[in-house]
Chemist: 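Below you'll find the structure I mean.
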Amino acid sequence: MSEEKKIGLSRREFLKDAGLVVGGATIGSMAFLSACGDKPTPIKDPTFVCPLDGKEFESEAAWRAHFASAHPFAEAPDLTSFDVNGTTYAFQVGPMELLSYTLRERLGLYGLKVACDMGACGACTVLVDDLPVYSCLTLSIECSGKKITTLEGLSNGLEYGETQKRFYAQDAFQCGYCTPGFIMAGEGLLRKNSNPSAKEAAEGIAGNICVCGNYKKVIDALTGTGMEDPIVKELGGV
């Protein structure tokens, strides 16, 4: 029996969870480019639960109809809605549900990594209203009405965004697991300052940890070193 069967997890499932599957194809060291432009598909149909009797419904309309008929004197709770990569979603979330869970488990956005799960490593960094935040420390309910950008929102199909191209040009990735968080922190920096100094770049990624120690190349990527590389021009430049 193979190791895949023993642990009950296929190689493809592992690579998908690690952010290494793009558009149905498995890729190698290009983990940080695991962002297709297609809108995410929820892993499972959303479930709406009546907070008063625990009954479950597959649509918001059915949930609201039940609440109105079964509990006519109670006020239905508000849904939490926010924009994710240009699409507005509405969720029934608990008061303690984390943004990292909502984005990964409800929307299937696997570019977001959960590593330390305590706000120490930065692998789960996303942008909320263009500001980098740790999604493992952010409550989904806090993001109501806000705009959220994940790694998947930086590219248009297979045309990479500026920050992704910079990382590509400088080989600013090694194992790739922390790289999505670095890209999102860098994206937040570049949206405020398109031409950061090395010191500003270092400060911009100060909340992220790379166990491989690839900080120099990340800083070079954010300061624009290597952008004249022919392969970058082939990708369309920046």
Side-chain angles (χ1 to χ4, degrees), residues 3-4 7-22 29-36 40-44 46-47 49 80-85 89 91-144 146-154 163-164 167 172-189 202-215 218:
E3 286 298 317
E4 294 178 2
I7 63 175
L9 181 69
S10 71
R11 180 173 181 273
R12 179 174 178 78
E13 287 172 327
F14 173 81
L15 292 172
K16 181 180 179 182
D17 190 55
L20 300 177
V21 174
V22 178
S29 61
M30 299 299 292
F32 71 99
L33 297 178
S34 63
C36 289
T41 300
I43 295 176
K44 59 183 179 180
T47 299
V49 182
T80 297
S81 63
F82 42 70
D83 179 298
V84 182
N85 299 329
Y89 297 90
F91 302 94
Q92 184 185 12
V93 300
M96 299 303 291
E97 181 170 323
L98 295 172
L99 182 60
S100 57
Y101 179 89
T102 301
L103 295 175
R104 277 183 61 90
E105 306 306 325
R106 291 181 183 267
L107 292 180
L109 294 169
Y110 293 108
L112 184 162
K113 301 295 179 287
V114 177
C116 72
D117 209 16
M118 60 178 64
C121 72
C124 68
T125 301
V126 298
L127 301 185
V128 177
D129 286 346
D130 293 334
L131 296 177
V133 303
Y134 293 151
S135 61
C136 77
L137 293 184
T138 304
L139 296 176
S140 296
I141 200 168
E142 292 181 284
C143 298
S144 180
K146 296 184 178 180
K147 181 181 71 173
I148 298 169
T149 307
T150 70
L151 179 69
E152 290 83 354
L154 301 188
T163 307
Q164 291 167 307
F167 274 65
F173 55 94
Q174 289 195 18
C175 77
Y177 198 86
C178 70
T179 308
F182 274 98
I183 289 180
M184 296 312 300
E187 175 76 13
L189 170 66
E203 291 175 348
I205 61 169
N208 296 65
I209 293 176
C210 172
V211 177
C212 302
N214 205 30
Y215 299 104
V218 171

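Given the structure is predicted, the values throughout are model-derived calculations rather than measurements.
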Chemist: Just so I know, are the side chains of Thr149 and Met184 near enough to count as touching, which here means a heavy-atom distance under 4.5 Å?
Modeler: yes

Chemist: First locate atom CG of Leu107, then atom OH of Tyr101, and finally report the distance between them rounded to the nearest 0.5 Å.
Modeler: 11.5 Å

Chemist: May I have the list of side-chain donor-acceptor pairs in residues 121-134 shorter than 3.5 Å, sequence neighbours left out?
Modeler:
| from | atom 1 | to | atom 2 | distance (Å) |
| --- | --- | --- | --- | --- |
| Thr125 | OG1 | Gly122 | O | 2.6 |
| Asp129 | OD1 | Lys147 | N | 2.9 |
| Asp130 | OD1 | Arg191 | NH1 | 2.4 |
| Tyr134 | OH | Gly207 | O | 2.4 |

Chemist: Would you give the length of the straight line joining atom CG of Leu154 to atom CD of Gln164, rounded to the nearest 0.5 angstrom?
Modeler: 5.0 Å

Chemist: Could you work out, with ring-ring contact (aromatic ring centres under 6.0 Å, His included) as the rule, every residue matching Tyr215, not counting sequence neighbours?
Modeler: none

Chemist: Which heavy-atom pair separates Leu109 from Glu152 by the least distance, and what is that distance?
Modeler: C-OE2, 3.5 Å

Chemist: Check whether any side-chain heavy atom of Ser140 lies under 4.5 Å from a side-chain heavy atom of Phe91, and answer yes or no.
Modeler: no

Chemist: Run the side-chain hydrogen bond (donor to acceptor under 3.5 Å, both in side chains) test against Glu97 and tell me which residues pass, sequence neighbours left out.
Modeler: Thr102, Arg106

Chemist: Do Tyr89 and Ile148 make a side-chain contact, defined as non-hydrogen atoms from C-beta onward lying under 4.5 Å apart?
Modeler: no

Chemist: In Å and rounded to the nearest 0.5 Å, what is the CG to CG distance from Leu103 to Leu151?
Modeler: 12.0 Å

Chemist: Is the shortest heavy-atom distance from the side chain of Thr138 to the side chain of Cys143 under 4.5 Å?
Modeler: yes

Chemist: Test of understanding: with side chain to side chain contact (heavy atoms under 4.5 Å, CB included), list the residues that count as partners of Met96, not counting sequence neighbours.
Modeler: none

Chemist: If the condition is side-chain hydrogen bond (donor to acceptor under 3.5 Å, both in side chains), which residues does Glu142 pass it with, not counting sequence neighbours?
Modeler: none

Chemist: Does the pair Asn214 and Gln174 meet the rule for a side-chain hydrogen bond (donor to acceptor under 3.5 Å, both in side chains), with working shown?
Modeler: CA-CA 7 Å; Asn214 205 30; Gln174 289 195 18; 3.2 Å; yes

Chemist: Taking side chain to side chain contact (heavy atoms under 4.5 Å, CB included) as the test, write out the residues that go with Val114, two or more places apart.
Modeler: Ser100, Arg104, Leu112, Asp117

Chemist: Between Cys136 and Met118, which heavy-atom pair has the shortest distance, and what is it?
Modeler: SG-N, 3.7 Å

Chemist: Between atom CZ of Phe182 and atom CG of Asn208, what is the distance when rounded to the nearest 0.5 Å?
Modeler: 5.0 Å

Chemist: How long is the span from the CD1 atom in Ile183 to the OG1 atom in Thr163, to the nearest 0.5 Å?
Modeler: 7.5 Å

